[in-house]
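Everything below concerns the one structure shown next.
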Amino acid sequence: MKTTLLTHPKVKASILDCIGNTPLVYLERFSISVGFKVFAKLEGANPGQSAKDRIALSMVDAMEADGRLHPGGTVIETTSGNTGFALAMICAVRGYRCILVTNDKISKAKLDALKALGAAVEICPSKVPAEDPRSYYEVAKSIHAKTPNSVYINQYFHPGNPDAHYHTTGPEIWEQTGGQVTHYVAPVGTGGTISGTSRYLKEQNPNVETIGIDAYGSVLTKYHETGEFDENEIYPYLLEGVGKNIIPSNVHFDLIDQMTKVGDRESALEARDLAKTEGILVGFSSGAVLAGIRLMAQELPKESVVVAIMSDHGCKYFEKIFNDEWMEEKGLL
Ligand SMILES: Cc1ncc(COP(=O)(O)O)c(C=O)c1O
């Protein structure tokens, strides 16, 4: 009885089999307001409530397959929360130790979730340069060097990150839109989501236009436009997961047609609006994607079929963008 149930097509062998195949939902009110059809790819429907489940699984699988990750091993990663949650979930299922290095912008809810899944968490200052020994990149490297039988996942540079989206998110969007997608809009952090998905969609139809959403305070847009890494572009901001102070190799700039920067305020307000107008709770970076689409609305033809990546679930931001006191304190209301 037990064996047959375990192989039953409607039963998942573990939580990891629930990753991917997220819904694509038409945003009726938002579409009317911008003048073309916009569909939201709800990555918050993954078991870890973000797109990072896909990449965490792909990177761990790749490191097991190439012999770098062994039973009893330790997985180390820098994360703004979501990749950490996904890795902690995978480590719990596969029996690895998990050490996550994050920065002080992480919400308490995200931090509690990581701990609940059994991960050890190190918090580093966000307002230091990437090469500073206190930055989360440097701290993760040093923990890795000191921990035997450990791997440093490094999602900014691991090819398993865009690969996951090439093999799953891209085909899902193509199939869900019946090949009608004309514009693909995604936030850019590590670059995995935009690069992998864009590669797949452009292989199906080279006319699909890929738009990257970046944050004020990030170096990525200027680098995309000029090839210059300009340190003057770097300053603190509140958005999580969008923009960078380094150039990750997983941002494949040649697969991004244009990039646009958005601010904290309009991003937070779009996410709050979406909850009230469409009944969909999405995270801060999803608000950034919607703000970016609104900014570019004049440039896009009426017949456009826009797919917008909603990277994570809004329940991760109850203490932040969905909290009026926090919004007021940050001057965002
Ligand atoms: C909430 C959130 N949005 C957007 C992103 C950006 O996605 P990617 O890293 O695939 O560029 C991330 C990842 O860092 C994230 O955690």
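Numbering of ligands and ligand atoms starts at 1, following listing order.
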Using the benzene-type ring in the case of Trp, are the ring centres of F39 and Y26 under 6.0 Å apart? yes
Atoms of ligand 1 under 4.0 Å from any heavy atom of P187, numbered from 1 in the order shown, are 4 (C), 11 (O)
Salt-bridged, K141 to E138, with N to O below 4.0 Å?
-> yes
- Query: Quick one: do L281 and F85 end up in the same hydrophobic cluster if we chain Ile, Leu, Val, Met, Phe, Trp and Tyr together by side-chain heavy atoms under 4.5 Å apart?
  - Reply: no
Taking every heavy atom of G263 against every heavy atom of L239, the minimum-distance pair comes out as O-CD1, 4.3 Å
So for K52 against ligand 1, with non-hydrogen atoms under 4.0 Å, the contacting part is side chain
- Query: Shared ILVMFWY cluster between Y166 and M59, side chains joined below 4.5 angstrom?
  - Reply: no
Quick note on ligand 1: atoms under 4.0 Å from a heavy atom of S311 include exactly 2 (C), 3 (N), 4 (C)
Rounding to 0.5 Å, atoms OH (Y200) and CG (D163) come to a distance of 14.5 Å
Can you find an N or O of G189 that's nearer than 3.5 Å to an N or O of ligand 1? yes
Open item on the list: I want to know if ligand 1 touches N82 in the polar sense, i.e. an N/O pair below 3.5 angstrom.
Closed with: yes
Checking heavy atoms under 4.0 Å, the part of Y317 that sits near ligand 1 is side chain
Taking only non-hydrogen atoms of G191 and a 4.0 Å limit, the atoms of ligand 1 in range are 8 (P), 9 (O), 11 (O)
With a 3.5 Å cut-off and no angle check, do the side chains of K110 and Y317 form a donor-acceptor pair? yes
Note: T193, heavy atoms under 4.0 Å from ligand 1, region reported as both
Review point. Do V188 and ligand 1 have an N or O pair less than 3.5 Å apart?
Key: no
Within the 4.0 Å heavy-atom cut-off, what S285 brings close to ligand 1 is side chain
From the list T83, T79, T78, side-chain hydrogen bond (donor to acceptor under 3.5 Å, both in side chains) partner of Q155 resolves to T83
If we number the atoms of ligand 1 from 1 as shown, the ones under 4.0 Å from a heavy atom of D312 are 1 (C)
Taking distance alone, with N or O pairs closer than 3.5 Å, would you say T190 contacts ligand 1? yes
A student checking ligand 1 against G192 at a 4.0 Å heavy-atom cut-off should list atoms 10 (O), 11 (O)
Report task. Would you check if the distance from the ring center of Y237 to the ring center of Y216 is below 6.0 Å? Result -> no
